[in-house]
Asks: 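Next up is a structure, given as structure tokens.
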Amino acid sequence: MDAKIGRLVGAVGAFFSSGDNVPWCDRDVVSGCEREVAEAATEEHKNESVMRLSWALVHSRNKDDVNRGIAMLQASFGGSKSPLEAREKLYLLAVGHYRNGDYPRSRQLLEHCLEIQPGWGQALSFKKTIEDKIAKDGVIGIGIATTAVGVLVGIAAAVARKS
């Protein structure tokens, strides 16, 4: 019996935890990438450094960093030299929008990634993470709405009894 309760508690805890496999980035890494961009000697090195900085920013725990990373990626997207580079930028944009809670936009960007490279495992895995998050948020929303209706019905019944 204790084992069943333990599994139930674990399942409920897993349901309400974030449970995604998208890595976070510390401020120290962001600072190091910013220095690297500032010190870049060639245009090619600067472009590579900007991509690393964009990665660090969209993986940051700081919302301002994430938004800055999104802006940098959007500004540089038109200058993508290859489909691979465009795919990488789309993926990082998807991570940024995911971090901001815009799951539908994140999923849309991943679908564009998969148009470029249909079997890309990283994008497929991340898309499943996003779809699970959307489904979980929907279940939580339904639970909240059901609880609110139940409370209102209870209040209405109590008021009706007093009358």
Side-chain angles (χ1 to χ4, degrees), residues 9-38 40 43 45-152:
V9 169
V12 170
F15 180 81
F16 285 105
S17 69
S18 76
D20 66 47
N21 55 359
V22 182
W24 291 100
C25 187
D26 293 331
R27 185 70 198 139
D28 294 343
V29 174
V30 172
S31 296
C33 290
E34 289 171 332
R35 270 191 311 280
E36 187 180 333
V37 169
E43 193 63 30
H45 186 240
K46 183 174 182 174
N47 290 338
E48 291 170 3
S49 299
V50 166
M51 278 301 290
R52 281 191 288 280
L53 175 59
S54 298
W55 184 95
L57 290 169
V58 299
H59 286 86
S60 174
R61 293 182 188 274
N62 181 309
K63 195 169 192 78
D64 291 336
D65 284 348
V66 173
N67 289 330
R68 194 169 128 221
I70 290 171
M72 285 175 64
L73 288 160
Q74 288 171 333
S76 70
F77 188 76
S80 297
K81 297 174 185 160
S82 69
L84 179 64
E85 187 178 335
R87 181 200 76 175
E88 291 296 322
K89 288 178 181 179
L90 286 167
Y91 183 84
L92 292 176
L93 281 166
V95 170
H97 286 285
Y98 177 81
R99 290 287 189 230
N100 281 341
D102 188 354
Y103 307 126
R105 179 70 178 135
S106 184
R107 180 174 52 189
Q108 181 184 40
L109 290 162
L110 284 173
E111 287 168 358
H112 290 303
C113 284
L114 292 168
E115 288 171 8
I116 295 170
Q117 188 176 355
W120 190 27
Q122 188 174 358
L124 290 168
S125 175
F126 189 32
K127 185 177 177 193
K128 180 172 179 357
T129 297
I130 292 167
E131 288 169 348
D132 290 349
K133 184 76 168 168
I134 290 169
K136 183 169 71 171
D137 285 356
V139 169
I140 291 170
I142 290 169
I144 291 170
T146 302
T147 302
V149 168
V151 168
L152 291 175

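Residues take their numbers from the sequence shown, with the count starting at 1.
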Asks: Which residue pairs pass the salt bridge (charged side-chain N to carboxylate O under 4.0 Å, His left out) test when at least one of the two sits in residues 47-59, sequence neighbours left out?
Replies: E36-R52
Asks: Give the intermediate values and the outcome of side-chain contact (heavy atoms from CB on, under 4.5 Å) for residues I70 and R99.
Replies: CA-CA 10 Å; I70 290 171; R99 290 287 189 230; over 6 Å; no
Asks: Might you point out which heavy atoms bring S60 and W24 nearest each other, and give the distance in Å?
Replies: O-CZ3, 3.5 Å
Asks: List the atom of V58, the atom of V66, and the distance in Å for their closest heavy-atom pair.
Replies: O-CG2, 3.9 Å
Asks: Might you point out which heavy atoms bring F77 and A86 nearest each other, and give the distance in Å?
Replies: CE1-O, 3.6 Å
Asks: Find out whether D65 and H59 are in side-chain contact, i.e. whether some heavy atom of one side chain is under 4.5 Å from a heavy atom of the other.
Replies: no
Asks: Between A94 and S106, which heavy-atom pair has the shortest distance, and what is it?
Replies: O-OG, 2.7 Å
Asks: Would the distance check show the side chain of S49 and the main-chain N or O of H45 forming a donor-acceptor pair, the cut-off being under 3.5 Å?
Replies: yes
Asks: Less than 4.5 Å apart, any side-chain heavy atom of E111 and any of K127?
Replies: yes
Asks: Kindly state each residue pair satisfying salt bridge (charged side-chain N to carboxylate O under 4.0 Å, His left out) with at least one member in residues 66-88, sequence neighbours excluded.
Replies: E34-R68, E85-K89
Asks: So which atom in L114 and which in W120 form the shortest heavy-atom distance, rounded to 0.1 Å?
Replies: CD2-O, 3.9 Å
Asks: Can you see which heavy atom on L90 is nearest to which on C113, and at what distance?
Replies: CB-SG, 3.5 Å
Asks: Is a side-chain donor or acceptor of N62 paired with a backbone partner of D64 at a separation under 3.5 angstrom?
Replies: yes
Asks: Starting at CG of L110, measure out to CD of Q108 and round the result to the nearest 0.5 Å.
Replies: 10.5 Å
Asks: Quick one: pull up CG in L109 and NE2 in H97 and give me the separation to the nearest 0.5 Å.
Replies: 5.5 Å
Asks: Keeping T129 on the side-chain end and S125 on the backbone end, is there a donor-acceptor pair under 3.5 Å?
Replies: yes
